[in-house]
Amino acid sequence: MGDVIKNRYEFVVLFDVENGNPNGDPDAGNMPRIDPESGLGLVTDVCIKRKIRNYVETVKEDEKGYGIYIKEDVPLNKSDRNACKSLGVEETEDKKLTEELKKLKKSDPDVDRKLRDYMCENFYDIRTFGAVMTTFVKASLNCGQVRGPVQLGFARSIDPIISQEVTITRVAITTEKDAENKSTEMGRKSIVPYGLYRLEGYISANLARKVTGFSEEDLELLWDAIINMFENDHSAARGKMAVRELIVFKHSKELGDCPAYKLFDSVEVKKIDGVEYPRRYQDYIVEIHNDNIPDSVEVKRMV
């Protein structure tokens with residue numbers, strides 16, 4: 001997998017949506033997520049991680065070392081069993097597998113580390129984000145919960161968003177009876193006319209070294225995935241989405257040179273004077289206040 005990263009990183013991502021729903025809220029009829037107090041739009045970290053996973057899966061196509069652990073319609077314990085087989089545990093029934101792992105733990109104190117290393121070596125998303133592996137949790141193994149070096153916050157829009165419901169019609173019919181009645185079905189889709197969102201993230205070199213082995217190659221793939229996470233994920237529901245900025249802060253050492261908030265505060269995004277209702281990225285100005293950033297921290301704008 002290459003050399004493990006040796007520097008701490010923070011990063012800021014700016015992405016926008018035009019006439020689409022960036023992240024529907026199932027508790028609100030799948031309308032765009034909104035902070036009820038401020039009116040700012042929200043996109044969850046889980047949503048962003050899904051897009052990064054999808055990109056890596058598309059690019060690597062299950063290449064060795066770049067599998068995706070959390071996949072749609074794929075049971076997690078199937079991957080867990082493959083790790084167990086690498087240690088000679090062939091049981092497939094969950095209860096018996098748990099019992100065998102507990103026995104193995106007594107005879108081999110390093111079983112936690114071996115299973116964790118297997119999962120980290122074979123699954124990119126575990127190396128990156130960590131995971132909760134239920135099979136190993138049930139067996140009381142310490143490798144059941146792996147804390148990943150890459151952590152994301154919720155994305156929040158720069159300005160309040162307006163969630164609109166657009167009425168649509170469906171001319172296609174399902175049955176012959178519908179044809180006789182000449183009935184047209186009505187539907188709705190929720191959109192945000194325009195919204196610019198800001199996402200902040202953290203990368204711990206300390207956790208990469210001690211736990212998952214997140215490497216320099218993995219880091220480059222992560223940057224590539226963030227930049228292109230919407231390019232192969234277009235749909236009618238999400239409208240036009242694009243990553244506009246990826247600003248990376250690279251510390252000079254493993255534990256960092258300054259608090260993360262100082263670096264995040266140095267990135268200012270504001271509307272251009274005279275713009276009341278932003279409808280494009282060019283309605284904003286992005287400034288990096290380098291005076292607030294220590295000389296030992298390298299700043300790179302990757303988009």
Charged N to carboxylate O under 4.0 angstrom, [X] versus [Y]?
X      : Y      : answer
Asp112 : Arg116 : no
Lys189 : Glu165 : no
Arg279 : Glu18  : no
Arg8   : Glu254 : no
Glu298 : Lys300 : no

Heavy-atom side-chain proximity of [X] to [Y] below 4.5 angstrom:
X      : Y      : value
Asp265 : Asn292 : no
Leu207 : Arg147 : yes
Phe214 : Ile126 : no

Please check if atom [atom1] in [X] has more than 12 non-hydrogen atoms from other residues, nucleotides or ligands closer than 6.0 Å.
X      : atom1 : answer
Lys6   : NZ    : yes
Lys271 : NZ    : yes
Asp295 : CG    : no
Glu268 : CD    : yes
Gln282 : CD    : yes
Lys262 : NZ    : no
Leu104 : CG    : yes

Does [X] use its side chain to pair, donor to acceptor, with the backbone of [Y] at less than 3.5 Å?
X      : Y      : answer
Thr128 : Asp125 : no
Asp218 : Ser215 : yes
Asp16  : Gly195 : no
Asp257 : Ser252 : yes
Gln145 : Asn142 : no
Tyr118 : Leu87  : no
Ser157 : Pro160 : no
Thr212 : Arg127 : yes

Scan side-chain atoms only and decide if [X] and [Y] contain a donor-acceptor pair under the 3.5 Å cut-off.
X      : Y      : result
His251 : Glu10  : yes
Asn232 : Asn228 : no
Thr135 : Asp80  : yes
Asp35  : Ser38  : yes
Asp159 : Tyr284 : yes

Practice task
In sequence, state the C-alpha distance, the side-chain angles, and the governing distance for Ser204 and Tyr9, and then conclude on side-chain contact (heavy atoms from CB on, under 4.5 Å).
Solution key: CA-CA 7 Å; Ser204 169; Tyr9 293 84; over 6 Å; no
Practice task
Write out all pairs satisfying ring-ring contact (aromatic ring centres under 6.0 Å, His included) with one or both partners inside residues 11-65, taking only residues at least two apart or from two chains.
Solution key: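 Residue pairs passing ring-ring contact (aromatic ring centres under 6.0 Å, His included), neighbours aside: Phe11-Trp223, Phe15-Tyr197, Phe15-Phe230.
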Exercise for the section: Using ring pair (Phe, Tyr, Trp, His ring centres under 6.0 Å) as the criterion, list what pairs up with Tyr124, not counting sequence neighbours. Expected result: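 Tyr124 satisfies ring pair (Phe, Tyr, Trp, His ring centres under 6.0 Å) with no other residue.
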Exercise for the section: Please report the shortest heavy-atom distance between Tyr194 and Ile161, naming the atom on each side. Expected result: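 Looking at all heavy atoms of both residues, the shortest contact is O-CG2, 4.5 Å.
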Handout entry: Ala205 versus Asn7, closest heavy-atom pair with distance
Key =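 Closest approach of Ala205 to Asn7, heavy atoms only: CB-O, 3.4 Å.
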Practice task
Go through the steps to decide whether Lys102 and Glu100 satisfy the test salt bridge (charged side-chain N to carboxylate O under 4.0 Å, His left out), and finish with yes or no.
Solution key: CA-CA 5 Å; Lys102 287 181 178 179; Glu100 286 296 317; over 6 Å; no
Handout entry: Arg238 and its side-chain hydrogen bond (donor to acceptor under 3.5 Å, both in side chains) partner, picked from Asn23, Asn21, Asn19, Asp233
Key =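 When side-chain hydrogen bond (donor to acceptor under 3.5 Å, both in side chains) is applied between Arg238 and each of Asn23, Asn21, Asn19, Asp233, only Asp233 qualifies.
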Problem - Distance in Å, Ser266 OG paired with Asn290 CG, rounded so as to fall on 0.5 Å steps - result: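 Atom-to-atom, Ser266:OG and Asn290:CG are 7.5 Å apart.
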